[in-house]
Amino acid sequence: MFEKALVGTKRYFGVLGFLLLLSGIGFFIYLRQLDFGLGITGMSRDVSWGFYIAQFTYLVGVAASAVMVVLPLYLHNYKAFGRIAILGEFLAVSAVSMCLLFIIVDLGKPSRLFNVLLHPTPNSVLFWDMIVLNGYLFLNIVCGWTVLQAERNEVPPPNWLKPFIYIAIPWAPSIHTVTAFLYAGLPGRGYWLTAIMAPRFLSSAFAAGPALLVLLCLLVRKYTKFDPGREQIQTLAKIVTYAILINVFFFFCEVFTVFYSQIPDHMLHFQYLFAGLEGKGKLVPLMWVSIVGMTITAILLIIPSVRKNETTLAVACAAVVVTTWIDKGMGLITGGFVPNPFEGVTEYFPTMPEALITLGVWAIGFLILTMLYKIAVSIKEEIRA
Amino acid sequence: MKEPVKSEFGTVGEKPKVEKKIYNRNLILAGIIAFVVLITFPIWNLQGKSVPPPDPKLDTPVIQKMPEKDRKCIEDKNYMRNYHMQMLDNWRNQVVRNGNRQYTSLSGKKYTASLQNTCLECHSNKSQFCDQCHLKCWPRASWRPN
Amino acid sequence: MLAPGELEAKLAPNPKALTAKRWAMVVDMRKLDEQTAEKCIEACHRIHNVPDFEDPIDPKDKVDPAEKVRWEVKWIWKEKYEHAFPGQAEVAIPEKIHKLNFLLLCNHCDNPPCVRVCPTKATWKRDDGVVMMDQHRCIGCRYCMAACPYGARSFNWRNPRPFIKSEDESYPTREIGVVEKCTLCAERLAKGQLPACVEASKGALTVGDLNDAKSKVRELLRNNFTIRRKTQLGSNPQVYYIV
């Protein structure tokens, strides 16, 4: 099946070439980071995680959201999703690949990566994150590939696959829950120290992932002979709507607890993000764009006509992707580290090399995604021909 | 007659016939040969060339000052030559992780388990001693005493 | 001849080592004046090869103060009361307390969050309570820095070696990409010496065995009111301050 990724139009190779170029630039700058150290980034003693870990967190959510396609199909026998399940699974494969790469580029000593396996430490959430992420990557490759192959050969998927498909369903929320636990169990970080962290992660993931999938489905329809289907896109739109509403609700639950209780350890972080502290507030405009945009989009998506018109739906989905990305990819990590344990403010913003390395990892992810989608779409076209 | 139950899963029908043939045979074979030639480059490139053997020097002031009969390393020379890396790795772990900082040699003499404070005390000539092998065999190795 | 595996048995602790069932430190702020605090910091940072980014070997490498804040490595440092004990700033506190510079360092917590999160056991709590750091094991994930509520951990954002003017060759320097912090001078305790800061403190700093009712530390705790940083977090810090 893989040969399908090796043939294609000029435009296909143009896209691959462009993504390769971006990842090449990222790789080159990563070599500089290896040489100089992580000081090349905007991170600091006070804000010791930054853009890389934030992208990782966001993309774990995108990966987990594949379950929103797989679950209705296999547990509710919602046949329409059979058509796009592969798109969800392959999106998960590329997202998890990016997650693993973001962890690697964030390590101070990537050459010692395997110390995590050599000295397994079950009391560390990071250890479990390593297990669930790699497990999820494996499950999605196996399930996606086998089902596609069966589809190509016009036979039902083999019986041995059944347990893998059923395990993959609870596995998906588990990856994002474990990722939330990375943060939610740290005693000194008030912004993260909340039991609603994992639910918030899941709601924003189940909004952002399916929203991205809607956009990808529209792209696939536009540029290939395979139509993921109007019904499919509309069902995804409903999922996005519910998830983003729940996400906004969770956010305001958080805001209530933090501000009604008036506990400074928790309030100061929100104050830094939404108003600034000690005259410093680089993220203030972004955070307002995020929460206001997210709320407006959620309200708009409730209106059936906005959802049913695929142009307005596309705009709304793009807004969901962007606003949840600002929330998780910019605010979440920095907000947890500012103010620091001494209630001082050291600000953080990614540097140019850091942004280019990040772009490089995204490019590798989209390279994987483009090739996997090319394979899937070619086979779907082949069957229909 | 009962209709067979249709299922989402399970193998039904015949397996599709697969044609056994290598496409682009010449290109693939040429590629494989080129790959093998490239990865074996370091082996055949050095055929017939000789490299002078490493020559670690032992003439540091501290060693010179020792009386002839005491002029030996903490363990047997051959052992040090073959296993100093395992020994140092072990020392490092034992010192940092278990707090065991005193080494008793086979001869019963006690030493502080420390590369910096024990080994390099005598072998103060890194470039004529350590680097003789370390830089010759692994020119890019970033090893340094501290 | 000796086989490599037999080596473990041939290593043992130095019999002269200072030992305790549970190490703890008392900082007597009444005795700690500005110069003494500086001396403590200087002594620690000198013998542990802690880099100073404002004072490199080659003046060309000098880092401006804004960058220095980001990359700074510190094992022991000074902080005002409201920063050392945030959230505890009382309304009408004696003027002298506000002026005091508290000496901060790793608290060697009895329930250390950094140890809980480390994915490789590169940081762990020894039986005697010292929270240790294995810089050869550390993968530089910086999870411990996120977990530590005391800001006691520093990361090597860049190569520290060009910024160590007078290197103490009896102690290792670090590489890019690992985390470091105070180890209560484990290397000195092992030789029977007190931690460097304690030695330089003219009696303002005391270390001893918390489990030994007759120890100096227990005597100070018995006779003085002491405070600790962020006890509400349950990490059970083991540095006590007499104010």
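Each chain gets a letter, A, B and so on, in the order the sequences are listed, and its residues count up from 1. Computed from heavy atoms alone, side chains included, the values below leave out hydrogens, waters and symmetry copies.
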Using a cut-off of under 4.5 Å on heavy-atom pairs, state which of [options] scores highest against chain C.
{"options": "V116(A), T41(A), T346(A), D106(A)", "value": "D106(A)"}
{"options": "S124(A), P264(A), G188(A)", "value": "S124(A)"}
{"options": "L182(A), I40(A), L118(A)", "value": "L182(A)"}

Contact origin within [X] toward chain A - heavy atom pairs under 4.5 Å:
{"X": "K230(C)", "answer": "side chain"}
{"X": "A152(C)", "answer": "backbone"}
{"X": "F155(C)", "answer": "side chain"}
{"X": "V115(C)", "answer": "backbone"}
{"X": "R153(C)", "answer": "backbone"}
{"X": "K80(C)", "answer": "neither"}
{"X": "C141(C)", "answer": "both"}

Interface moiety of [X] toward chain C, non-hydrogen atoms closer than 4.5 Å:
{"X": "M43(A)", "value": "both"}
{"X": "D129(A)", "value": "neither"}
{"X": "F181(A)", "value": "backbone"}
{"X": "P122(A)", "value": "neither"}

Rounded to the nearest 0.5 Å, how far apart are [atom1] of [X] and [atom2] of [Y]?
{"X": "L233(C)", "Y": "L186(A)", "atom1": "CG", "atom2": "CG", "result": "11.0 Å"}
{"X": "K109(A)", "Y": "N156(C)", "atom1": "NZ", "atom2": "CG", "result": "9.0 Å"}
{"X": "S44(A)", "Y": "E67(C)", "atom1": "OG", "atom2": "CD", "result": "10.0 Å"}
{"X": "R116(C)", "Y": "N123(A)", "atom1": "CZ", "atom2": "CG", "result": "9.0 Å"}
{"X": "F337(A)", "Y": "M145(C)", "atom1": "CZ", "atom2": "CE", "result": "8.0 Å"}

Is there a donor-acceptor contact under 3.5 Å from the side chain of R142(C) to the main chain of W49(A)?
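Not a single qualifying donor-acceptor pair exists.
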
Top contributor to chain A interface from I139(C), N159(C), T120(C), I176(C) [non-hydrogen pairs under 4.5 Å]
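Maximum pair count with chain A is reached by I139(C).
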
Which of P119(C), G234(C), P149(C) touches chain A most, by non-hydrogen pairs under 4.5 Å:
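The answer is P119(C).
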
A side-chain contact here means heavy atoms from C-beta on lying under 4.5 Å apart; do [X] and [Y] qualify?
{"X": "N115(A)", "Y": "H136(C)", "value": "no"}
{"X": "Y143(C)", "Y": "V125(A)", "value": "yes"}
{"X": "P187(A)", "Y": "P113(C)", "value": "yes"}
{"X": "L126(A)", "Y": "V117(C)", "value": "no"}
{"X": "R137(C)", "Y": "R112(A)", "value": "no"}

Parallel, tilted or perpendicular: which fits the ring planes of F342(A) and W77(C), with parallel below 30° and perpendicular above 60°?
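The rings of F342(A) and W77(C) stand perpendicular, inter-plane angle above 60°.
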
For a quick test of reading the model, state the closest non-hydrogen atom pair linking C148(C) to P341(A) and the distance between them.
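Taking every non-hydrogen atom into account, O-CG, 4.3 Å.
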
With a 3.5 Å cut-off and no angle check, do the side chains of R45(A) and S154(C) form a donor-acceptor pair?
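There is such a pair (donor and acceptor under 3.5 Å, judged by atom type) between the side chains of R45(A) and S154(C).
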
I would like to know whether R70(C) and D46(A) meet salt bridge (Lys or Arg N to Asp or Glu O under 4.0 Å); could you show each step before the answer?
CA-CA 7 Å; R70(C) 287 177 42 213; D46(A) 287 335; over 6 Å; no

How about [atom1] on [X], more than 12 heavy atoms from neighbouring residues, nucleotides or ligands closer than 6.0 Å, or not?
{"X": "F28(A)", "atom1": "CZ", "result": "no"}
{"X": "D127(C)", "atom1": "CG", "result": "no"}
{"X": "F27(A)", "atom1": "CZ", "result": "no"}

